[in-house]
Amino acid sequence: MSLPSDLMYTESHEWVRLNDDGSVTVGITDYAQAQLGDLVFVESPEVDADVDAGDAVAVVESVKAASDIYAPLAGRISESNGALADAPELVNTSPYEDGWLFTMAPNDTSDVEELLSAESYEAFIAGDEEDED
Amino acid sequence: MTKQTPLNAAHRALNARMVDFAGWDMPVQYTSLIEEHLAVRRDCGMFDVSHMLAVDISGEQACDYLRVLLANDVARLKAPGKALYSCMLNDKGGVIDDLIVYFVEAQRYRVVVNAGTRDKDLAWMESQGSDFAVTITPRPELAIIAVQGPGARDKAHALLPAELAAAAEALPRFACAEAGDWFVGRTGYTGEDGYEVMLPGAQAAAFWQALLDAGVTPAGLGARDTLRLEAGMNLYGNDMDETITPLAAGLDWTVSLKDESRRFTGRAALEAIIDAGGPDEILVGLVLKDRGVLRAHMPVEAGGEVVGETTSGTFSPTLNRAIAFARIRRGSEGGLSVSVRGKSLPVKQVTPPFVKNGAATFLLR
């Protein structure tokens, strides 16, 4: 597994990209999409909603199960990925690019630095897999 | 410690995702649930269902015994080589399990029961058998592989033992044949044509590998669940249990009341319900009109009032739409919606199956 090193991560398996304009793009990791299996529906977050870090803001559903997606940071939701309505499978096929879930304007961009680095997230999921066995 | 079927190593070699299902370490998915599902609908897939239990019932009174044990009437099987689907009921008419019974030969039947209920089923069958001249023999040493799909039989014939292949090829639907410890039923749980093959556990891995080499797609319990729901087939524990009668589970067609002298277990309770005007609740099929996914245990509403709940729900890979079974108050049909995370989403009520011959059985609008 190769984790993009320019992204930050959460223990709930979201990835976060800090964009040049200070906004962040959020999606779920390749590990998370593989665990969920074929995605068939994405309930997008409400645009313009003010959210706290850890709020459940969206839902992704595979054939087998529904999973909440949590806001990685406090801020305002600015955009959701409209392409996922017709093609939720983009989250499976392109989790870090075309399968992004939403963008948000963080209250404080420095909060991004508090998230997990690629290295820390990799160590975290290695522990996750050990728990499973 | 979870139990393993004789194919456990084969599943792991295929890198299957394994889950604990009723105490068994079983494959839920190999590559993609949707691909596995569509392989069965379009060509051919195979399932390890060795966690289910075959039980042989033999003896002079085998038929008499089964006519009391089961709500469907095995006397409808006029000649050996035929199969019947039935519920096994308790005294209150609740479903202890649903099963397939095969009439193998004179005075010998085989039933196949669910993995999650096998111990209680056996205990019940034994307790009900004490007044009959029957021998009840569980066959846990047999593996069961279901080969399902429009291309299933063609691929399987050449791989069966020579003495069984011709008999299998000649089998009508819902019929069975046997050769030694190998047994083939033209039955299944997907709505497709195909076989359920029972064979000695020690030979299961070789047969599985031969099917793989012939191009049969291994399919997990995930696809098995979506296939059976599309095909309108109930799942024990979800759609019915010991507190639910077949009348409230869409299974009235499996209850045979024709022979009034046949006093099967649960009959009096069912007759009391029918005499009182029918069951309070019925099982219906639902199709979600908009995007989303239906799951079990979602509230079903009519006119702003909760009238029942979904018992099974999924996203149908064939229809690209969510489908469900729901148990609702009788008389509340029409204008139904399902509450999904607090939002009322309109559904169309349909008569299962949802999918037949690979296509929808209904028009949505």
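Convention: sequence-line order gives letters A, B, ...; per-chain numbering from 1. What's counted below: heavy atoms across the whole structure, side chains too, no hydrogens, waters or symmetry copies.
Interface remark: B:T226 contributes side-chain atoms only to the contact with chain A (heavy atom separation under 4.5 Å). Heavy-atom distances place the side chain of A:V59, and not its backbone, under 4.5 Å from chain B. For A:A66, the parts lying under 4.5 angstrom from a heavy atom of chain B are both the backbone and the side chain.
Other residues, nucleotides and ligands contribute more than 12 heavy atoms inside 6.0 Å of the CG atom of A:N19. Remark: B:R42 CZ is loosely packed, at most 12 non-hydrogen atoms of other residues, nucleotides or ligands lying under 6.0 Å away.
Taken to the nearest 0.5 Å, the CD atom of A:E43 stands 12.5 Å off from the CZ atom of B:R291.
Residues B:F315 and A:V63 come closest through the heavy atom pair O-CG1, 3.9 Å.
For the pair B:R295 and A:E61, the minimum side-chain heavy-atom distance is below 4.5 Å.
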